[in-house]
Structure formats: C-alpha cells, structure tokens
Amino acid sequence: MDITKILDPLNDVQRKAVTAPSQAMLVLAGAGSGKTRVLVHRIAWQIQVENLSPHSILAVTFTNKAAKEMRCRIEALLEIPAHSTSAPSGMWIGTFHGIAHRLLRRHANQAKLPETFQVMDTSDQLRVIKRLLDTLGLDETAWPPRQVQWHINAQKDEGIRARHTVETADGYQRQMLAIYQAYEKLCDQTGLVDFAELLLRAHELLRDNPDVLSFYQQRFRQVHVDEFQDTNTIQYAWLRLLTRDNGNLFVVGDDDQSIYGWRGAKIENIYNFQRHYPNHQVIKLEQNYRSTGNILKAANHIISVNEGRMGKELWTDSGEGELLSLYAAFNEQDEAYFVVERIRAWINKQGSHNDIAILYRSNAQSRQFEEKLMIAGIPYRVYGGLRFFDRVEIKNALAYLRLISNHDDDSSFERIINTPTRGIGAKTIDDIRYIARDQTISLWKAAIVLVNQRNLSARASNALTGFLQLVKQLTEQAQDLELYEKVQLIVEKTKLIEFYQHAKMDKGEEKVENLEELVNAAKLFEFDIENEENLGELDMFLAHAALESGDMQGDDFEDCVQLMTLHSAKGLEFKLVFLVGMEEGLFPSQQSVDDAGRLEEERRLCYVGVTRAMQCVYFSYAESRRLYGRETYPRPSRFLREIPAECMQEVRIRSHINRPVTTIAPKKIPLQTTGQYKQGQKVSHEKFGKGIILQIEGEGAQERVQINFTTPVDGGKTSGVKWLMLAYAKLDAL
DNA sequence: GATTTAGACATTTTT
DNA sequence: TGTCTAAATC
C-alpha cells in the first residue's frame, strides 16, 4: 500500500484534513489553497488506508465538470485504470441533481413518480409555465412567466410545497400560490420533473421512506461535499438526512467565495453545520499556491472590508511579484484597445493566449472586447453562450425522441407538432388542447380523438393524421435500433435537416451540423451500467441531455484568450487577468449598492476575480461609457479604493490612443458600411475561402474591406488577412 | 406561412 | 443602443 503517494504532495494542514478520523469536518479552503486536492486525497485515503469500500463513498459537487475532474483525479491516485467509467469503482460522485435523479429513478414508486418521468430543463419549464398561464386565463404581462418560474423555483429551493403555504390576504401571493398548485398538478399528470423538483423530491423520498433512508445511510458511510457555501436549503436538508446516523459529513467550502446567494445558496449552512454537527472539526487552508504576494495582499484587503466572515487570510511563500495595474480609460472603446494592446505585449514576450482571461461583471460587456480582438486577429473564446443541448434544433430533435419514448409528453408534443411546418395551424392545436383539457387526457390522445371526430377540414385532418402516423411509424422503426441509430432515424425521417437546410435563416448550416453532431453524441454516449435499473438507453440519453447540457463544448484546447463573467471564472486560474469595467453601478452593480448584504456578495465576487490571477492583474475602468444608448460618467469602483496603494501602479496612456479634447466630439474612424457589408459579417470568396470582415473603408468605387480568411484553401493554408476592393472582389455574404 | 416590424428589456448561472 | 421575442401583415 502506497501511503506516500497520498500524503507526500500535501502540506501539514492539508494532511491533517486528509487523515483526520471519521467525523464531521468543515474545511475552509481559501482560493488556490488546494481544496479539490484535499477532497480527492481524503477519499483516496479512506479507500486505501481505512479500507473503506468505494461503494460507501458519496461525493457531491455542483457542476458536472467538477464531478468529472474529481473522479478522474481519485482514479488516477488509486491507479484505477482509466476509461473504466463510473461503474467498476462503485463510488457515487456526481452533482446534487445527478444523484437526486439517480435516486428517483431507482425509487420512482416510493417517490410517487411514474417510472417514465422526464427531466425538463429551464427552457422546458418556462414553456410549461407559459402554457399553464394560458390555460388559467392569466395575462402574461401581469404575470410574467419568468417571474412565475423564479417564484416556483425559489419555493422549491426552500423546500416549500404549494400545500405548505399559509393562506394570505395578499392577492399577489394568493395568485402565485394558485399558479404553483396548478403547476405541480400539471407536472404530476405529465410526468415532468424540473431541476428544483429533483432535489425536493429526493429529499422527500428519504424523509418519507424510512427503509430507503436507512438503506442509503448504511451504504454511504462517508459523504463529501464540494463548494459547500453554495448549497441551498433543500440540498443541505438532504445531506443532513443522509448523514443523520453517523455524522460523517466532510464539507469543503469558502465563505469568502459565496457568490450565488441570489439563486438561493445559503452561507448560513456553514454556520448551521457547526451547530448541527457538534463534534465537527474545522480546518482552515490558508496557504495559497496560485498567486503572487501582491495579488494576495490586494485580495485580502478587499475581502477584509466585509463583516461577519469566518476569518481567513491567505498567504504565500512565493515572492511579491509584480504590482497590480490600473488603467483609467477614456471610454469603453479605449478600454478594449488598452486590453488588446496589453495582450499583444504579453504574447510577444512569452506566449500563450490560454494564460489570459478578460473578466467582466455582465455578459453584455464582452462585445467591445470581442470586436477589438477580432480586428487584432487574436483568437478568443467567449464562455457562457448557448449550450449544445439548449439549441433549438437539438431541442426539437430531442422532443421527437421523447415523444417516441412517451406519447403523453405534452411539452414535447407541442414543441414539434408543427416543426418542421406541416400545415398544422394554431386553430387545430387549440382544438387539441381543448379536448385534452376537457377530457383530462394527453395532447397525443386528444389529437387521436380529434381525428376520429372527423369534423376537421380535409387539409387539417390530413396534416394531423400525417403527423400522428409519422410518430407512430418512428416509434415502431426505432424499436430495435441502437441508440445512435434511433437518433439518426429521427434526424433523417423528420425532415428537420431539410427544414434547416432550406431555410435561409442565419446559421442554418450550423444547425444542420449540430444535428449531425447529435447523432455523433449518441454514438459516444456511454451507457452507465450502474444506472440501468429501470431505464432504457434512450431515456438515459434524454436525461443526460437535460442534466449535462454543457458538457459537449467543455474542453476546447485551442489556444485562445478567454472571455467570461466573474461568476463563471470561479474555480479557474490564469497567469494574466483583466478585471474590466471597474465602475460604480457596473461593478458593484447598480442593483446591489443599496443593500449591505448584496454589496458584500459583490465584494466577494471581486475577491474571486482577483484570486484567479497567478502573476498579473490589470484593472480598468472607463471615465465615460455608453450604456443602453446613454452616455454615462461612472465613478471608479469602490473596490479599487480597498486595495492598498503600495500594490498598485497606475498605467498612463500611450500616445496613439487619442484622447479627444473635451469640447470636440471624438473623431469617428470611418468604419461604417456604405451598403451591403457590415463589420463582423461572414463572407466567402471563391479563391480565398470563408472569412470575416474586420474593417470597411472608403466609399463608392473606392470602398474596400479588410477580411480575415479563416478556412484553409487549396494549399491547406488559410489566406489570412487581406484588403479587397469591393468593386472587383467577388464576395458572397454568408 | 414567411417576413417584417414594433416593443420590451437590459446582473450574475448550473442543473 | 442592440438584441430578442411576439404580434401584425402580406
């Protein structure tokens, strides 16, 4: 047995946490202090040294990425051969939602769910709510669907069912309650489960079924939780139930990095933990292995302004490093130019685009930077876009698959009844809805009833019959096929490809590619044997699509500058970090400045941002910024003043950045189009291939465009950046 | 049934 | 100001 492999890479405090006897443990792990390492080594320790069966291990995370990483690192440490997916090791490592889902599949009966229940994602849920409001005859402007959705989810996150709510005189509350009730009923009828419901249901399953509870209490001798500060009420309640008999709950978190309070996360869970588990031990990891001394000094000062912390101060034994820099930009354009210029300098000196991140408070801020990076020809990647499984074309294809799996899935039925368009109009759909509501049957059954009634117009009847037959036929044909063949069948036979190919809508080509990619994804989808219990491969795949929607585009190893929000930067690290838009009203955001609690969360966000950096931090703010079409003159962020002056240097403007004299309007560089082409537009040229328009200059016959050609041509190389006269170049818009 | 136009709206996000 | 969605129109 090789204990050294587990213990040697650890410092004293980490080792103490890893080797502590079984009990409740709270590890307060500062940024970059080896939090995941402790978790991974702790589990390895328990298995290898304490001879605990992997079967007895439960580890919970928030994201699939984190779960995957943890599993890989544990298996590497234990030298379990790679590629032996989850099954052989027997450990349950997953997200709260993933594990709740697994429990509900295994005990669908006791959870009072149909065995074929389907998981819906956020957009599915919104559709269901919209439809519900419609049936209830409520006006969408008075009852905005998003707000209703938010309300319902917030209730569920707190563990509150509609029936628990106390009657109030407040009309608004009462209506919301009625909607919540109706929503619960609808979900029960159609066998649909939203994300919050997964957690709530899993909690109720354990709470109300002592046999199930004691089974899992005995199975999971050790329960581990990552990012504990992000748990919400119901997640923590669930953890408490599971660990009630032995108290072996090992949680790792950082109160200073709690940035999800707005979606129900409760820092209080950390304080409550200490009350609920009186025999717990607290260990603080404060040695940071990521950042320079100056960066940590700045971060510590910022976070120290907050009240009511658990108290922690990061230190490092590596040197001071460079000073942090601050740039006061004239406006947001200037800010972007500055950042690009610095990126260039970094690349020229030492290298990789991957080292660099531009972090901002809100997604809208990415635009300026994308534009300037594009012009500069610097490769970049924006995080937080549409996920693969969230795309319309994919959702449509999945809806067909779901309908095949369960004809009574109303939400899928409605989604695709007229996609691709097959002549079934709003009128016919209304009729189907009416019958369904009237006889309390599914839309599918109602559609059959409607056809049989024979009082439809010939055209509508034909169209509807055609649709019903298509689905029936697909169901039969799919019967004995492999998963990917089923997907292929759907994609081909439903004419979705033709639909998107034909439509000249933007990104049609991309949509077709995505559908093809979906078939591929099905091929790659590895069937998790441990989960098999009640479920077919297709249903597994559908659940996977809902629960792991982001996983496909996850790791691109292209060498790119990374653009993302501060929130999505949590857990990552970069050598060079730009924290842009450091302005009052932007960061901290306007909505949080009046509320002490929310302001502290913004400050923690700033702390998270600074601690992402390993070597270098640049702050920037704009003295004037166009916001929602209005010119604003924000003040620098208060967080900048919370950084000690001795770790900061102010960067002065370079000569080439024009600072217009105040009375003269800023000179506009002629970037406007005179007609058909726009900056950023994709075009193709018969000789140079496809590319993107970087700049447009001149007028009339003199008009010329600069294009960055990105597709390889005959020689196998890309044509690169070229200036072309519009009058001569044969360009096609894409 | 597709295209156009008007209007709302605009932190942060994973599952 | 720009984007996205929903309704209006041909």
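First the proteins, then the strands, lettered A, B, ... as listed; each starts at 1. Quantities reported herein were computed from a predicted structural model and do not represent experimental measurements.
- The residue A:N363 sits close only to the backbone: its heavy atoms come under 4.0 Å of sugar-phosphate atoms, none of a base.
- Among the protein residues, A:G425 comes within range of no part of the nucleic acid, since none of its heavy atoms lies under 4.0 Å from any strand.
- Using modelled atom types, no side-chain atom of A:R361 and backbone atom of A:F587 make a donor-acceptor pair closer than 3.5 Å.
- Here the nucleotide nearest the side chain of A:S592, chosen from B:dT15, B:dT11, B:dT13, is B:dT11.
- In this structure, A:W262 atom CH2 and B:dT14 atom P are separated by 9 Å, rounded to whole Å.
- Between A:F220 and A:Y216, the two ring planes are parallel [angle under 30°; tilted spans 30° to 60°].
- Glycosidic conformation of B:dT11: syn, with the torsion inside 90° of 0.
- Here A:Y628 lies in heavy-atom contact (under 4.0 Å) with a base.
- If you check B:dT12 for Watson-Crick or wobble pairing at under 3.5 angstrom, you find it has no partner at all.
- Under the stacking criterion of a centre-to-centre distance below 5.5 angstrom and an interplanar angle below 30°, A:F96 is not stacked against the six-membered ring of B:dT15.
- At least one cation-pi condition fails for A:R422 and A:F499: the charged atom is not both under 6.0 angstrom from the six-membered ring centre and inside a 45 degree cone around its axis.
- In this structure, A:K266 fails the cation-pi test against A:Y236, since its NZ or CZ atom is not both closer than 6.0 Å to the six-membered ring centre and inside 45 degrees of the ring normal.
- Comparing atom distances between the A:N418 side chain and each of B:dT15, B:dG1, B:dT12 picks out B:dG1 as nearest.
- C:dT5 and B:dT12: their P atoms are spaced 15 Å apart (whole Å).
- Contact check, A:T95 against B:dT15: no side-chain N or O comes under 4.0 Å of OP1 or OP2.
- Between A:N232 and the phosphate of B:dT14, there is no side-chain N or O to OP1/OP2 separation shorter than 4.0 Å.
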